[in-house]
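The block underneath contains the structure these notes are about, expressed in structure tokens.
Note on naming: letters A, B, ... go to the chains in the order of the sequence lines (proteins, then strands), and numbering restarts at 1 for each one. Both backbone and side-chain heavy atoms feed into the values below; hydrogens, waters and symmetry mates do not.
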Amino acid sequence: MKVLGRTLIILFAAGVIAGATYGLSNAGVLDGLIGGGEMGGERPEGDFESGEMPEMGEMPEGGAPGEGGMEGGLNFREVLESLKTIGIIGVVVILLSLGWDQVRKIQKRSTLKRAGAS
Amino acid sequence: MELQKKKKALNSVKVNVLVDSIVFLVILVSMAPHTTGESIHEWVGIAAAGTVIVHLLLHWKWIVGVTKRFFKQLGKQNGLNYIVNVLFFINLTVVIFTGLMISKTALPAIGIQLGEAQSLKMLHKLTSEWIVYLVGVHVALHWKWILNVIKRYLVQPVGKLFQRPSRGFVPAVNNIVLEGEK
């Protein structure tokens, strides 16, 4: 029962945030903030003439030029993109944990100095 | 009685480690839509909501305790932790909500078809980029705990596997050392 109540509280909080997001997007506030409206109106419809896009059969074997990678769709660039996420997280973790340690050392030193002075 | 308490605490640490690892993996997988494909990205994103709820339930006491103390007196690290966690929750909720709103495969598969708003797409992309940094800060703030857990549940058990089998006289030597220390 406790777990159910807590889950409902979490869902309620999430619902409030989701409702606010939906309300803001409906009111057009988000369009102004992130420029979504401009992008929505940029692409004209029906601009492509028939025959302009290559048919599947027309593609040369081995894919488009410069598309070298592993067969089966897993591209090296895509793997790099995934590693980038881990890399960013790692850098943030290292910088913050080192920074936090430095702050603690400085705080300790200053308290020791104060204690020594008094 | 104390042994039972210790066992319970140990189990809760193990559960926390398991759930936290799953949440981290789920977020990492959902951060790579180009690698996984759109369908998996959407379903894993929906699963992320569930794992985050479990994570919050497991840390409920901390959330309630810190919320109560927040406006009175709170340590610098706890305060920072709380603010980061609130921002993380808001950001994650926005990412999951906008993801559901622009879903192309997951929701249509269960018969729900929503409109496509460009602003929601942009917001989904923007907030999902912020998540990477917030995950980094969240992990950094719990770095010591993570290191301790890795040492306890990964390094030590693996180290024991490569240890030489102990012989009969070794405990006796240990006893002598301990007595000498006294």
Side-chain angles (χ1 to χ4, degrees), chain A residues 2-11 13-22 24-26 28-43 73-75 77-101 103-104 107, chain B residues 24 27-37 49-50 52-57 60 63-64 76-77 80 84 86 89-98 100-101 116-129 131-144 146-147:
Chain A
K2 257 185 185 178
V3 174
L4 191 70
R6 288 169 182 179
T7 311
L8 285 175
I9 292 170
I10 295 167
L11 288 177
V16 169
I17 297 162
T21 310
Y22 189 66
L24 288 173
S25 86
N26 266 359
V29 180
L30 294 178
D31 293 342
L33 281 174
I34 55 178
E38 283 172 23
M39 278 202 56
E42 264 178 15
R43 191 178 168 182
L74 193 64
N75 200 319
R77 202 179 284 176
E78 288 163 2
V79 175
L80 267 185
E81 214 169 285
S82 313
L83 287 177
K84 195 181 106 184
T85 310
I86 301 170
I88 292 171
I89 293 171
V91 168
V92 172
V93 169
I94 290 166
L95 287 178
L96 278 180
S97 51
L98 285 177
W100 196 255
D101 278 351
V103 169
R104 273 185 182 165
Q107 276 178 342
Chain B
F24 187 67
I27 288 175
L28 276 188
V29 172
S30 59
M31 289 300 296
H34 297 294
T35 313
T36 58
V52 169
I53 288 173
V54 175
H55 179 80
L56 292 176
L57 287 174
W60 190 260
I63 295 167
V64 173
K76 274 178 190 171
Q77 191 168 0
L80 182 68
V84 168
V86 168
F89 179 71
I90 292 170
N91 199 14
L92 210 62
T93 308
V94 172
V95 169
I96 293 167
F97 172 68
T98 50
L100 285 173
M101 292 298 285
E116 199 176 294
Q118 197 63 32
S119 61
L120 289 177
K121 259 188 181 179
M122 294 287 286
L123 189 64
H124 184 71
K125 204 181 170 194
L126 190 73
T127 45
S128 60
E129 280 168 10
I131 272 191
V132 180
Y133 299 103
L134 284 168
V135 167
V137 178
H138 187 78
V139 170
L141 287 170
H142 297 87
W143 189 238
K144 278 192 177 168
I146 293 166
L147 275 184

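Under the rule for a side-chain hydrogen bond (donor to acceptor under 3.5 Å, both in side chains), Ser25(A) has no partner lying at least two apart in sequence or in another chain.
In this structure, Thr21(A) OG1 and Asn26(A) CG are separated by 11.0 Å, a value rounded to the nearest 0.5 Å. If you take CZ on Phe89(B) and CG on Leu56(B), they are separated by 6.0 Å, rounding to the nearest 0.5 Å. Taking CD1 of Ile146(B) as the reference point, atom CZ of Phe24(B) lies at 8.0 Å (rounded to 0.5 Å).
Contacts of Leu28(B) with chain A are made by side-chain atoms alone, with heavy-atom separations under 4.5 Å and no backbone atom involved. In this structure, chain B has no heavy atom under 4.5 Å from any part of Ile94(A). Residue Ala20(A) does not touch chain B at all, counting heavy-atom pairs closer than 4.5 Å. For a residue to count as touching a neighbouring chain, one of its non-hydrogen atoms must lie under 4.5 Å from one of that chain's; by this rule Leu11(A) touches chain B with the side chain only.
Counting heavy-atom pairs closer than 4.5 Å to chain B, the top residue among Leu95(A), Ile10(A), Leu96(A) is Ile10(A). Among Thr85(A), Val103(A), Val91(A), Val16(A), the residue with the largest count of heavy-atom pairs under 4.5 Å with chain B is Thr85(A). Highest contact tally toward chain B, considering only Ile9(A), Thr7(A), Ile17(A), is held by Ile17(A) [criterion: heavy-atom pairs under 4.5 Å]. Per-residue counts of heavy-atom pairs under 4.5 Å with chain A were compared for Val135(B), Val139(B), Leu57(B); the largest is that of Leu57(B).
Within the 4.5 Å cutoff, side-chain heavy atoms of Val93(A) are placed close to those of Trp143(B).
Judged by distance alone, the side chain of His124(B) and the main-chain N or O of Thr98(B) form no donor-acceptor pair under 3.5 Å.
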